[in-house]
Asker: 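A single structure is presented below for examination.
Every chain is numbered from 1, with letters handed out A, B, ... down the list of sequences.
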Amino acid sequence: MPVHNQDIAEQFDELADLLEIEGANAFRVRAYHNAARTLRDLPHSVTEMVSAGENLTELPGIGKDLASKIETIVETGRFPQLDELKKAMPKGLAEVKDIAGLGPKRVKALHEALGVEDVEGLKKAAQAGQLHELSGFGKKTEENILHELETRGSGEKRHLLREAESRAEPLVDYLGRVDGVKEVVVAGSYRRRKATVGDLDILVSCTRNSPVMQRFVDYEDVSDVISHGGTRATVVLKSGMQVDLRVVASSSFGAALHYFTGSKGHNIRVRKMGLERGFKINEYGVFQGDTQIAGKTEADVYSQVGLPYIEPELREERGEIEAARDGKLPELIELDDIKGNLHNHTKASDGAATLREMATAAKEHGWSYLAITDHSKALRVANGLDEDRLARQVDEIEALNDELDGITLLKSIEVDILEDGSLDLSDAILKRLDLRVCSIHSHFRLSRDKQTARVMRAMDNPYFNILAHPSGRLLGSREGYSIDMERLIDHARENGCIMEVNAQPQRLDLDDVYCKMACEAGVKLAISTDAHTPHHLDFMRYGIDQARRGWVTADDVVNTRSLKDLRKLVAR
DNA sequence: GCCGTTTTCGGCCCGACTGTTTTCAGTCG
């Protein structure tokens, strides 16, 4: 059984946690975390790299030692160093370290002095009042840990970007109305438009006497105040989402925005570039000695290290620093580039609106075409269309198009890819359509090889145009099916197939990493809303966000084209 | 443990807040 990148990454993270508790060199610990991150971001299988004899040390953060450890894991399925460490160090301690307020030093003390081995053991010790007797622990620390143990689980989950927006927007509005507040920006992964957001980092500039900090902790949605200082406060909202607020001077706003937008890896690179030039970069600005030489805007900070402005979505340490240095940053796609939408449902299957209602809503978005892609007959739960019903819908669309002005409905279908890789409708009806969107809704648990072969066979069908939600993931509830995306991308290129970026907030599929890989391979993308009601058409911007994170330009996306050019692109 | 216009050693980002201290360690982002 092949070892997946994610498996190795988890073992590296676990080893790093245990090493840290043991008191190992912090940079050695970081090296394992860095390598884990590299493996997670890697769009192809490290198992295949090993069997192809490729040199793993060319991957960032992976040197001779870690390369050989990866090879051992791939070849034997075992990680001897981790097994060894687990003998000396209970595995449950890694979980204890995840509890807020507990880091490696305290976990080590708990283990050595009280024999704590896991969260359960910690709970017993805390309830027995043993914690505050340890040096470095006090009454308050014990209380905090007990409180954390009780409410555990509520604060650690990640939130869909859309959910985070629904919390952030009213709060930003509230803070913006506080006396003396000049600017309010949500930084962090929210600003980088990650598909999911852990917490909110809000940055404020204001006059010296502004009561913004007090007003923040008094906000009606706050359930818990974690910390509350002069320039920084942390609260938990009733929804369980944690929010950090930082107050900075206008002269430092750009530097702070850069710092709190991250990612961490990106920031470290920029700070290092500053050091090479003899500058110190922190959240207050760029400093030469004690003199601030930049910091008012982010562009100033970049400019001091010889870089052009880098869009937040690119700041993931995935080559953006090098691209910026070489003048090769992509010109990222924008919402206004979109001219149409190629995946939408109506009442005919599981949607809520009529053809005409969808057309009207699409026109209001300023689009000139909208593909109607109801489900096909295999998807009975969604009232999928068979050949006869689809033929009637095609007639209906043709008639409606004669009436509509400024918007064209495209005759299309979201046709199921059956288990054997055939499509769920006859060629005769598929031929009558303007384009076909193809997707998997069944047999999610096929082996990786079978699942990959299934979709590749479907792509061989000359009526296959767009692969919808290619991984099948549902954020927070379902992993994608096991499939070799790299081979699918190659096969799509060879057959002139398009990959979808599904803009539904819980899908965002393709993800950012595969978007980048597909575009680099020369495969075109379609960014589509998979709308089931007119208001789902608003989801387009979430698809744009992920595409931007994947370095996608307008040219990479088929639905930035005029209808005439789109028709040429989908002709196989 | 990685990495190299500082290259095989000696660095590795840096400041705020809390709690337990009495000048600072630990944690967090």
Asker: From the options B:dG19, B:dC13, B:dA16, select the nucleotide whose nearest atom is closest to the side chain of A:Arg246.
Answerer: B:dA16
Asker: When you measure from the side-chain N and O atoms of A:Thr231 to the phosphate of B:dC17, is any distance below 4.0 Å, counting only OP1 and OP2?
Answerer: yes
Asker: Using a cut-off of less than 4.0 Å, is there contact between a side-chain N or O of A:Thr141 and OP1 or OP2 of B:dT20?
Answerer: yes
Asker: Checking contacts here: which listed nucleotide (B:dT20, B:dC13, B:dC2) is nearest the side-chain heavy atoms of A:Arg271?
Answerer: B:dC13
Asker: When you measure only distances, ignoring hydrogens and angles, does the side chain of A:Tyr259 come within 3.5 Å of the base of B:dG29 through a donor and an acceptor?
Answerer: yes
Asker: When you check the side-chain N and O atoms of A:Ser303 and A:Asp300, is any donor under 3.5 Å from an acceptor?
Answerer: no
Asker: Quick one: is A:Gln242 getting a side-chain N or O under 4.0 Å of the B:dG29 phosphate, OP1 or OP2?
Answerer: yes
Asker: Want to settle it: does A:Lys272 or A:Asp201 sit nearer the 5' end of DNA chain B, counting the closest nucleotide to each?
Answerer: A:Lys272
Asker: At less than 4.0 Å, is any side-chain N or O atom of A:Arg269 found next to OP1 or OP2 of B:dC13? Yes or no.
Answerer: no
Asker: Using a strict threshold of under 4.0 Å (side-chain N to carboxylate O), is an ion pair present between A:Lys97 and A:Asp17?
Answerer: yes
Asker: For B:dG19, does either OP1 or OP2 sit under 4.0 Å from a side-chain N or O belonging to A:Asn144?
Answerer: yes
Asker: Rounded to the nearest Å, what distance is computed from the CZ atom of residue A:Arg30 to the P atom of nucleotide B:dG29?
Answerer: 16 Å
Asker: Is any NZ, NE, NH1 or NH2 atom of the basic residue among A:Lys139 and A:Glu143 found under 4.0 Å from an Asp or Glu carboxylate oxygen of the other?
Answerer: no
Asker: Of the options B:dT6, B:dG15, B:dG26, whose atoms approach the side-chain atoms of A:Glu276 most closely?
Answerer: B:dT6
Asker: Applying a 4.0 Å non-hydrogen cut-off, can you work out what A:Lys69 is touching in the nucleic acid: base, sugar-phosphate, or nothing?
Answerer: sugar-phosphate
Asker: Look at the side-chain N and O atoms of A:Lys139 and state whether any lies under 4.0 Å from the OP1 or OP2 oxygen of B:dT20.
Answerer: no
Asker: Let's go through A:Thr261 and A:Arg191 carefully: what are the C-alpha distance in whole Å and the side-chain angles of both, what is the deciding distance for side-chain hydrogen bond (donor to acceptor under 3.5 Å, both in side chains) to 0.1 Å, and is it a yes or a no?
Answerer: CA-CA 6 Å; A:Thr261 296; A:Arg191 185 163 177 251; 2.8 Å; yes
Asker: Examine B:dC13: is either OP1 or OP2 under 4.0 Å from a nitrogen or oxygen in the side chain of A:Tyr284? Give yes or no.
Answerer: no
Asker: Taking the six-membered ring of A:Tyr542 as reference, does the NZ or CZ atom of A:Arg162 fall below 6.0 Å from its centre and within a 45° cone about the axis?
Answerer: no
Asker: Given atom CG of A:Leu257 and atom C1' of B:dG29, what is their separation to the nearest angstrom?
Answerer: 15 Å
Asker: Using the rule side-chain hydrogen bond (donor to acceptor under 3.5 Å, both in side chains), only one of A:His266, A:Glu311, A:Glu316 pairs with A:Arg192; which is it?
Answerer: A:Glu316
Asker: Looking only at atom P, what distance separates B:dG15 and B:dC3, rounded to whole Å?
Answerer: 26 Å
Asker: Measure CG/A:Asp199 against C1'/B:dC28 and give the value in whole Å, please.
Answerer: 11 Å
Asker: Check this one for me: any side-chain N or O of A:Lys280 less than 4.0 Å away from OP1 or OP2 of B:dG15?
Answerer: yes
Asker: Just N and O in the side chain of A:Arg28: are any of them under 4.0 Å from OP1 or OP2 of B:dG1?
Answerer: yes
Asker: Please report, rounded to the nearest Å, how far the P atom of B:dG15 is from the CD atom of A:Gln292.
Answerer: 14 Å
Asker: Is any side-chain heavy atom of A:Val181 closer than 4.5 Å to one of A:Val178?
Answerer: yes
Asker: Sticking with atom C1', work out how far B:dT22 lies from B:dC13, rounded to a whole angstrom.
Answerer: 29 Å
Asker: In whole Å, what separates the C1' atom of B:dT8 from that of B:dC14?
Answerer: 28 Å
Asker: B:dT20 and B:dA25: how far apart are their P atoms, nearest whole angstrom?
Answerer: 16 Å
Asker: Base, sugar-phosphate alone, or nothing: which one does A:Gly230 contact when heavy atoms must sit under 4.0 Å apart?
Answerer: sugar-phosphate
Asker: Looking only at the side chain of A:Lys105 (C-beta and beyond, no hydrogens), which of the listed nucleotides B:dT27, B:dC12, B:dG19 gets closest?
Answerer: B:dT27
Asker: In whole angstrom, give me the gap between the P atoms of B:dT21 and B:dT27.
Answerer: 15 Å
Asker: Within 45° of the ring axis of A:Tyr32 and under 6.0 Å from its six-membered ring centre, is that where the NZ or CZ of A:Arg30 lies?
Answerer: no
Asker: Taking CD from A:Glu317 and P from B:dC3, how many angstroms apart are they, rounded to a whole number?
Answerer: 11 Å
Asker: Would you classify A:Gly188 as touching base, sugar-phosphate or nothing, given that sugar-phosphate means primed atoms plus P, OP1 and OP2, and contacts are heavy atoms under 4.0 Å?
Answerer: nothing
Asker: Give A:Lys264 one of three labels, base, sugar-phosphate or nothing, depending on what nucleic acid heavy atoms sit under 4.0 Å from its own.
Answerer: base
Asker: Is there a Watson-Crick or G-U wobble partner for B:dT8 with both distances under 3.5 Å, and if so, which one is it?
Answerer: none
Asker: Would you kindly give the CG-to-C1' distance between A:Asn282 and B:dG29, to the nearest whole Å?
Answerer: 14 Å
Asker: Atom CD of A:Glu58 and atom C1' of B:dC2: how far apart are they, to the nearest Å?
Answerer: 15 Å
Asker: Within this structure, what is the CG-to-P distance between A:Leu245 and B:dA16, rounded to whole angstrom?
Answerer: 15 Å
Asker: Counting heavy atoms from C-beta on, name the nucleotide in B:dT27, B:dG1, B:dC17 closest to the side chain of A:Pro104.
Answerer: B:dT27
Asker: Could you check A:Arg106 against A:Ile62 and say which one's nearest nucleotide on DNA chain B is further toward the 5' end?
Answerer: A:Ile62
Asker: Using the P atoms only, state how far B:dC17 lies from B:dT23, rounded to an integer number of Å.
Answerer: 23 Å
